[in-house]
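Just so it is clear, the model here is predicted, and its values are computed rather than measured. Naming: A, B, ... by sequence-line order, numbering from 1 per chain.
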There are 2 protein chains.
Amino acid sequence: MSENKNISIKDVAKHANVSTATVSHVINGTRFVSEDTKQKVMRAMDELNYRVNVVARSLRSRKSYVIAFLAPILASETSNHFFMSVAAGIQSVLKQNQYHLMLSDSHEEEEFEKEEIRMLGSQMIDGLIMAPSSRETDYEQLFGDYPVVYVDRVPNNSDRDSVVVDNRSVSKDAVEMLIRRGHKRIAYLSGPNTLTTTEERFAGYLEALSEAGLAEDKELVCTGEVSLDSGYKLTESLLAHKPTAIFATDNVMAMGAMMYMQENQIKVPDQVAVVAYDEFQWTRVTTPPLTVIEQPAFDLGVKAAEVMLERIDNADAPLSQHRLSGKLIVRQSC
Amino acid sequence: MSENKNISIKDVAKHANVSTATVSHVINGTRFVSEDTKQKVMRAMDELNYRVNVVARSLRSRKSYVIAFLAPILASETSNHFFMSVAAGIQSVLKQNQYHLMLSDSHEEEEFEKEEIRMLGSQMIDGLIMAPSSRETDYEQLFGDYPVVYVDRVPNNSDRDSVVVDNRSVSKDAVEMLIRRGHKRIAYLSGPNTLTTTEERFAGYLEALSEAGLAEDKELVCTGEVSLDSGYKLTESLLAHKPTAIFATDNVMAMGAMMYMQENQIKVPDQVAVVAYDEFQWTRVTTPPLTVIEQPAFDLGVKAAEVMLERIDNADAPLSQHRLSGKLIVRQSC
DNA sequence: ACAGCGTGCGTAAACGATTACTTAGCTTTA
DNA sequence: TAAAGCTAAGTAATCGTTTACGCACGCTGT
């Protein structure tokens, strides 16, 4: 039916007896066209089932109205949900401004990520919002000449716009709360310390301890792979050192911890209290429901997109760096 | 530093003292170029920090190497994870074939979805893989002249390629298992019956009952909004009719059910057994761990992408429709 | 010695839009 | 009535590639 092959603005122009310029201006509303002519053009477009070729358009206008979001969206259940919420925030802003969102996955691997950036090439996107998988990498040489906004994480020595969570501060809140409830042996369970986020969370943990006059006990600090199994095993070894509370900076690892304690009849929170990162619906249905730190994922995306659009508007505006607050949600696990 | 503004193949050609054709052929390996010339060109590209303009390329070659995936990826935690797994599958295949994945969200709303399809325009993508939010809609007129593959769901009267889950069959398995364990009053808890998937799951439920000589009890069939709260409330009213088991076709609703029973000290599985759709890591840490139906989400994506690439290769190949099997994972909740 | 062929590369026309510059025709103004 | 101005729309260059042709040169065989 709708044979759409190769119908160009030229065909429409011929069919409507006007010039291509006029057709273009009707489509874009970029200059006055008399009502009569406008009607003729519209009718022609309808009859030919014309569809604008966005590729040609962006070649000429040097605008694609596409913003890419590069993050470890497919890496795990946790980061998946977190970054998809960020994506939702981005999308909500972009949509209002007629921009498209292109999601790319970095797999949380540097090489994979670099390859994705290369594939974006030049001109395909008007901007890149990314959560870098490494803080050591020098990304600058890979980027095209579009603006870049970092979200959730920032590489070292970056002088780009950024929107992140105030991890240190909310982590400190969480640990302080545990201390207020009488805990003195608070374990730290986390993934490897390679991301700025993780580092900040650890800093918050230490700060709370130190301000309460508690010394850091190396035996209670435990980092490992981010996975359920890893969380399970690390919890097992942690418990040998008799913590009364566990502060887990990763959701999946917290699951492992909960699973271990459930299987070994360790009462939460009576024997061991638990506070973990990331609010999910399921954290309300564990036994007991989990006390968690909720990150403003959606807002992170909203802000990042807003910053991006402003940057596109004005390349010379001053650096725009933002830090959003997390929120402690107290439930029965502590 | 890396001033990349406006470096085109022409600049490279001039700088290397060759023609643009040669540069293009070096980049794409599309015809023999002597080692010497090749080196010259490469060096020039390096020195100028040349980056191919993918927009111009796809304008000319009529190929964008972008496949769009349109699904309700941001709609809820459940569909989010499910469709992101599908996306991961798609991505894994596309990447091997040098294609890009562009994720678009349909918000599970028809108008939103249509708008997204329109925005894709023509020529921007080489193909569209989608999970339609409605089976009634006539999407055909909206599509450009790219191939379309439906995944997970298929609209009525579609004669497009498709890849879906055999929902009826695995749902039947699950209910049969409950029956074998002696259950006779099995409740059905589900979202609204507007998707083919939901419909198929209900059919499987009914079929298992009927083959076991059990009559459908309307009081035990309960559909409502897909949300934790809704699951919670519907479970409350369901329990008035004394089911001994609940079959939940949605993950979030199952969470609501679990939460209600937990809060009201209803023992699972002793008083009420539970079987629910969708395997997540957290289903292993509830008390007790949940028996679930695992959908082959990743494989769904893989297959869909394969089908897409074949279709792109050969527009006239016969219709390619696939049905993948789900898997029942039995844990302590039943 | 020259027709014929293979090799390596250059020339220039697309692809389908946007848009700076013109232009034709009409109205106003002095 | 002629110059100036205004209105609506047309002409054609341009964005950066790909690719169908064509060409020059050197080698081969007779």
Side-chain angles (χ1 to χ4, degrees), chain A residues 4-42 44-45 48-66 120-126 144-146, chain B residues 4-42 44-45 48-66 98 120-126 144-145:
Chain A
N4 190 39
K5 283 250 191 278
N6 303 338
I7 299 291
S8 79
I9 216 174
K10 242 179 193 161
D11 303 312
V12 175
K14 200 169 299 172
H15 198 259
N17 251 307
V18 297
S19 72
T20 61
T22 301
V23 177
S24 172
H25 285 117
V26 168
I27 293 173
N28 301 297
T30 34
R31 88 174 172 198
F32 181 87
V33 177
S34 73
E35 200 49 41
D36 267 15
T37 316
K38 207 182 283 179
Q39 290 304 331
K40 270 197 303 184
V41 172
M42 307 269 245
M45 295 200 296
L48 299 178
N49 190 22
Y50 168 79
R51 214 173 291 258
V52 25
N53 183 325
V54 285
V55 172
R57 188 211 291 269
S58 54
L59 172 59
R60 174 60 223 237
S61 64
R62 320 189 118 272
K63 277 285 287 177
S64 66
Y65 286 93
V66 173
L120 292 172
S122 80
Q123 302 297 127
M124 165 164 238
I125 57 174
D126 288 352
D145 57 354
Y146 41 75
Chain B
N4 190 39
K5 281 249 191 279
N6 302 339
I7 300 292
S8 79
I9 217 174
K10 241 177 193 162
D11 303 311
V12 175
K14 200 169 299 172
H15 198 260
N17 252 309
V18 297
S19 72
T20 59
T22 300
V23 177
S24 172
H25 285 118
V26 167
I27 294 173
N28 301 297
T30 34
R31 88 176 172 195
F32 181 85
V33 177
S34 73
E35 199 50 42
D36 267 15
T37 317
K38 209 182 283 183
Q39 290 303 330
K40 271 198 302 184
V41 173
M42 306 269 245
M45 294 201 295
L48 299 178
N49 190 22
Y50 169 77
R51 215 174 291 260
V52 27
N53 183 326
V54 285
V55 173
R57 188 212 290 270
S58 54
L59 172 60
R60 174 59 222 231
S61 63
R62 319 188 120 272
K63 278 283 286 175
S64 65
Y65 287 93
V66 173
Q98 317 279 24
L120 292 173
S122 80
Q123 302 297 127
M124 166 165 239
I125 58 173
D126 289 351
D145 56 354

Sugar-phosphate, base or nothing in reach of B:Ser8, heavy atoms under 4.0 Å: sugar-phosphate

Closest contact, heavy atoms only, B:Val41 versus B:Val12: O-CG1, 4.2 Å

Among D:dT17, C:dG16, D:dT11, the nucleotide that comes nearest once only the side chain of A:Ala56 is considered: C:dG16

Side-chain heavy-atom pair A:Val26, A:Thr37 within 4.5 angstrom cut-off: no

Integer-rounded Å distance: D:dC15 C1' and B:Ile9 CD1: 13 Å

Taking every non-hydrogen atom, the tightest pair across B:Lys63 and B:Ser58: O-CB, 2.7 Å

Spacing between B:Gln39 atom CD and C:dC9 atom P, to the nearest angstrom: 13 Å

Protein-nucleotide distance (A:Asp145, atom CG; D:dC15, atom C1'), rounded to Å: 14 Å

Pairwise 5' ranking along DNA chain C for B:Phe32 and B:Leu59, keeping only the more 5' one: B:Phe32

Phosphate OP1/OP2 of C:dT18: any A:Ser61 side-chain N/O under 4.0 Å: no

Side chain of B:Thr22 - closest among D:dC15, D:dT11, C:dG10: C:dG10

Non-hydrogen atoms of A:Ala13 and A:Ser19 that approach each other most closely: CB-C, 3.8 Å

Protein-nucleotide distance (A:Arg31, atom CZ; D:dG10, atom P), rounded to Å: 8 Å

Heavy atoms from other residues, nucleotides or ligands near NZ of A:Lys10 exceed 12 (cutoff 6.0 Å): no

Residue pair B:Thr30 / B:Ser24: nearest heavy atoms and the distance that separates them: OG1-O, 4.3 Å

Touch class at under 4.0 angstrom, heavy-atom based, for B:Thr37 against every strand present: sugar-phosphate

Selected nucleotide, minimal atom distance to A:Val52 side chain, candidates D:dT19, C:dT19, C:dA17: C:dA17

Of residues 10-18 of chain B, the positions that come close to DNA chain D - non-hydrogen atoms, cut-off under 4.0 Å: none

Touch class at under 4.0 angstrom, heavy-atom based, for B:Val54 against every strand present: nothing

Nearest-angstrom distance from the residue atom CD of B:Glu35 to C1' of C:dG8: 14 Å

Check: A:Tyr146 side chain, A:Gly144 main-chain N or O, donor-acceptor pair, under 3.5 Å: yes

The helix from C:dA1-D:dT30 to C:dA30-D:dT1: angle between end helix axes, five pairs per end, rounded to 10 degrees: 60°

Side chain A:His15, main chain A:Asp11, donor-acceptor under 3.5 Å: no

Candidate nucleotides D:dT17, C:dT19, C:dG16, ranked by approach to the side chain of B:Tyr50 - the nearest: D:dT17

Short side-chain N/O contact from A:Arg62 to OP1 or OP2 of D:dG16, under 4.0 Å: yes

Protein-nucleotide distance (A:Arg60, atom CZ; C:dA20, atom P), rounded to Å: 8 Å

Rounded distance in Å - CD1 (A:Ile27) to P (C:dG16): 13 Å

side-chain N/O A:Ser34 vs D:dA9 OP1/OP2, d < 4.0 Å: yes

Worked verdict on B:Asn28 versus B:Arg57 for side-chain contact (heavy atoms from CB on, under 4.5 Å): CA-CA 11 Å; B:Asn28 301 297; B:Arg57 188 212 290 270; 2.9 Å; yes

A:Asn53 side chain near C:dC15 phosphate (N/O to OP1/OP2, under 4.0 Å): no

Integer-rounded Å distance: C:dA17 C1' and A:His25 NE2: 12 Å

Where B:Leu120 and B:Met124 come nearest, the two heavy atoms and their spacing: O-CB, 3.2 Å

